[in-house]
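For reference, the structure is listed below as structure tokens.
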Amino acid sequence: MTGSDKVDVAIIGGGTAGCAAALELRRRGLSVALFERRTVGSQASGVNYGGVRQQGRDPAELPLSRRSRPIWDRLPALVGHDCEFMATGHLKLAYTPEQMAELEAWSAMAAEQGVETRLMGANALAEAYPGLITNAYGGSLCPTDGQANPRLVAPAFARAARRAGAAIHEHEAVTGATRDAAGFRIETERGTRILAQSLINVAGAWADHVARWFGEFAPIQVLAPNMLVSEPVPYRLPVNIGVCGAGLYVRQIPRGNLIFGGGKGWADREAIRARPLVEVSCQASAQLARTLPWAANAAVIRSWTGIEGYFDDDIPVIGLSETTPGLVHAFGFSGHGFQLGPAIGEIVSELVVEGKTTTPIDAFSIRRFARAGHQAA
Ligand SMILES: Cc1cc2nc3c(=O)[nH]c(=O)nc-3n(C[C@H](O)[C@H](O)[C@H](O)COP(=O)(O)OP(=O)(O)OC[C@H]3O[C@@H](n4cnc5c(N)ncnc54)[C@H](O)[C@@H]3O)c2cc1C
């Protein structure tokens with residue numbers, strides 16, 4: 001791209017959200033230029049745990065999560081790859097009556113929104129998962145949840161978007177953007193200048209920088225979930241597991257590796273560096289051994305982490321800018337935006353094209369931080 005090209009929509013960020021948006025906008029016939037500082041899916045979207053779950057979400061986020069769920073089934077038709085998505089179910093384990101009561105309350109709320117879960121006592125767990133889980137008080141199974149390979153998803157959306165005619169620019173950071181009567185004037189580190197009618201800010205843990213270019217403040221905290229993977233062991237775990245309170249989550253892929261996490265590693269988003277912490281990895285391994293004693297001797301072969309933007313209220317910013325017509329934000333997914341990514345692509349596209357979306361997103365407005373007294377610096 002040279003000179004100052006014109007496009008209908010520019011997208012900052014090549015995670016799942018940005019790549020899904022690029023594809024959806026092309027399906028709607030708009031011209032698209034997506035800019036990614038590194039390679040598509042190289043940040044949180046590509047290094048996450050791979051949990052595709054509705055279970056446990058904030059009630060405000062559930063409609064979004066429900067909208068995303070069937071898209072995962074359609075990936076082969078949509079992007080030409082199943083991204084190893086499997087609807088294995090998500091089982092959340094309780095170890096105390098209080099934790100079980102929390103699962104019951106969530107389950108009742110979710111049922112009203114059309115998400116079915118199966119509450120199970122200790123005997124039902126033992127019957128459904130013989131010899132797999134010990135000492136749990138009970139659990140909640142969301143059978144429609146599952147898991148996928150995060151390495152595959154954003155690149156698959158990006159390839160499909162490219163095939164559909166989107167310009168996907170990798171290794172090209174956007175260094176600034178302004179808006180005037182003609183549209184958004186966007187500049188990149190390679191000196192590219194483009195004029196776009198709309199701008200989508202899906203820049204992940206860095207999206208608050210983009211918001212600030214337009215006088216908007218979002219108090220992102222940067223955290224790095226600590227992840228591990230074991231050597232392959234015989235395949236026994238047919239379900240994705242989360243543990244109440246302990247922060248452990250674990251799944252097993254068919255080739256036998258156990259992928260698990262819990263606690264946080266270290267991240268420096270300005271340097272774009274993150275690493276797991278040994279003591280946190282040891283704690284997660286000990287928790288895994290307590291939860292699944294049969295897995296206690298599986299040797300860890302790798303640990304890693306990734307850079308994710310969180311908000312205190314644990315829900316993202318999604319919606320139209322409060323200051324700038326044509327600007328759409330979607331970021332701060334607070335550790336659970338992988339499952340949402342495909343629906344985010346559709347929702348931000350609707351916001352660009354129609355100025356509204358059929359999914360309720362009021363709770364995610366960036367306005368909530370202004371109300372809480374935060375100011376743009
Ligand atoms: C270790 C880990 C485990 C997780 N586990 C799960 C899970 O199991 N399930 C789940 O649902 N969620 C999980 N999450 C959260 C999930 O991965 C994220 O919420 C989601 O991937 C965010 O997608 P995104 O497209 O918004 O952001 P990202 O994937 O972060 O993409 C944003 C992109 O924007 C680019 N960018 C930023 N600034 C610029 C710029 N100026 N110019 C050009 N490009 C720019 C970045 O390089 C980045 O690639 C996890 C996150 C991590 C880190």
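Because the structure is a prediction, the values reported are computed rather than measured. All ligand and atom numbering here is 1-based and tracks the order in the structure.
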### Query
Can you tell me how far CD of E112 sits from CG of L62, rounded to the nearest 0.5 angstrom?
11.0 Å

### Query
What protein heavy atom sits nearest atom 27 (O) of ligand 1, and how far off is it?
G204 CA, 3.7 Å

### Message
Is it the case that ligand 1 has an N or O less than 3.5 angstrom from some N or O of I307?
### Response
no

### Message
Would you say N226 and S281 are linked by a side-chain donor-acceptor pair, where the criterion is simply a distance under 3.5 Å?
### Response
yes

### Message
Please list the nearest protein heavy atom to atom 41 (N) of ligand 1 with its residue and the distance rounded to 0.1 Å.
### Response
V174 O, 3.0 Å

### Message
For a quick check under 3.5 Å, do R67 and T359 share a side-chain donor-acceptor pair by atom type?
### Response
yes

### Summary
Counting heavy atoms under 4.0 Å, the part of V202 that contacts ligand 1 is backbone

### Message
Evaluate E36 for polar contact with ligand 1, using N/O atom pairs at a separation under 3.5 Å.
### Response
yes

### Message
Please work out, at 4.0 Å between heavy atoms, whether the side chain, the backbone, both, or neither of M227 comes within that distance of ligand 1.
### Response
side chain

### Query
Among all protein non-hydrogen atoms, which one is nearest to atom 39 (C) of ligand 1, and what is the separation to 0.1 Å?
I12 CG2, 3.9 Å

### Query
So between S68, C19, P225, whose heavy atom ends up nearest atom 1 (C) of ligand 1?
P225

### Query
Charged N to carboxylate O under 4.0 angstrom, R69 versus E116?
no

### Atoms of ligand 1 close to V47 [distance to a heavy atom under 4.0 angstrom, numbered from 1]
1 (C)

### Query
Rounded to the nearest 0.5 Å, what separation is found between the CZ atom of R57 and the CD atom of Q113?
12.0 Å

### Summary
for atom 4 (C) of ligand 1, nearest protein heavy atom and its distance come out as N48 CB, 3.0 Å

### Message
Between ligand 1 and Y49, is the shortest N or O to N or O distance under 3.5 Å?
### Response
yes

### Query
How long is the span from the NE2 atom in H329 to the CD1 atom in I12, to the nearest 0.5 Å?
10.5 Å

### Message
Pairs of nitrogen or oxygen atoms closer than 3.5 Å, one from G306 and one from ligand 1: do any exist?
### Response
no

### Query
More than 12 non-hydrogen atoms from neighbouring residues, nucleotides or ligands closer than 6.0 Å to CD on E270, yes or no?
yes

### Message
Looking only at the side chains, is there a donor atom on one of T117 and Q55 sitting less than 3.5 Å from an acceptor on the other?
### Response
no

### Task
Measure the distance from atom 34 (O) of ligand 1 to every protein heavy atom, then report the residue, atom name and distance (to 0.1 Å) of the closest one.
G13 CA, 3.1 Å

### Task
Please determine if T39 has a nitrogen or oxygen closer than 3.5 Å to a nitrogen or oxygen of ligand 1.
no

### Query
Between W213 and ligand 1, does any nitrogen or oxygen pair lie at a separation below 3.5 Å?
no

### Query
Against heavy atoms of A173, which atoms of ligand 1 measure under 4.0 Å?
42 (N), 43 (C)

### Query
How many angstroms lie between CZ in R269 and CD in E308, if you round to the nearest 0.5 Å?
12.0 Å

### Query
Taking heavy atoms and a distance under 4.0 Å, where does R57 meet ligand 1: side chain, backbone, both or neither?
side chain

### Message
Between R28 and D8 (salt bridge meaning N to carboxylate O under 4.0 Å), is one present in this structure?
### Response
no

### Query
Would you call G14 a ligand 1 contact, heavy-atom distance under 4.0 Å?
yes

### atom 19 (O) of ligand 1: nearest protein contact (heavy atom, Å)
E308 OE2, 2.7 Å

### Task
Determine whether any heavy atom of F35 lies closer than 4.0 Å to an atom of ligand 1.
yes

### Query
Should you measure from each heavy atom of Q43, which atoms of ligand 1 turn up under 4.0 Å away?
30 (O), 46 (C), 47 (O), 48 (C), 49 (O)

### Message
With a 6.0 Å cut-off (strictly less than), is the heavy-atom count around CZ of R163, excluding the residue itself, greater than 12?
### Response
yes

### Task
Please indicate whether R27 has more than 12 foreign heavy atoms, meaning atoms of other residues, nucleotides or ligands, lying under 6.0 Å from its CZ.
no

#### Entry: Heteroatom distance test (G337, ligand 1): nitrogen or oxygen, under 3.5 angstrom
yes

### Task
Would you mind listing which atoms of ligand 1 come within a distance below 4.0 Å of any non-hydrogen atom of F333?
19 (O), 26 (O)

### Message
Taking ring-ring contact (aromatic ring centres under 6.0 Å, His included) as the definition, give me every residue that meets it alongside Y249, ordered by chain and number, with sequence neighbours left out.
### Response
Y49

### Query
What is the closest protein heavy atom to atom 24 (P) of ligand 1, and at what distance does it sit?
S45 OG, 3.7 Å

### Task
Please say whether more than 12 non-hydrogen atoms of neighbouring residues, nucleotides or ligands are located less than 6.0 Å from CG in N123.
no

### Task
If the plane angle is over 60° it's perpendicular, under 30° parallel, otherwise tilted; pick one for F214 and F184.
perpendicular

### Task
Starting from atom 16 (C) of ligand 1, locate the nearest protein heavy atom and write down its residue, its atom name and how far away it is, to 0.1 Å.
F338 N, 3.5 Å

### Message
Polar contacts were defined as any N/O atom of the residue lying under 3.5 Å from an N/O atom of the ligand; does this apply to A44 and ligand 1?
### Response
yes

#### Entry: OG on S198 to CG on L327, rounded to 0.5 Å
9.0 Å

### Query
Just distances here: any N/O of S42 and N/O of ligand 1 closer than 3.5 Å?
no

### Query
For ligand 1, is any non-hydrogen atom under 4.0 Å from T16's backbone (N, CA, C, O), its side chain (CB onward), both, or neither?
backbone

### Task
Indicate yes or no: does an N/O atom of A17 lie under 3.5 Å from an N/O atom of ligand 1?
yes

### Message
For the residue pair S68 / Q339, report whether a side-chain donor-acceptor contact shorter than 3.5 Å exists.
### Response
no

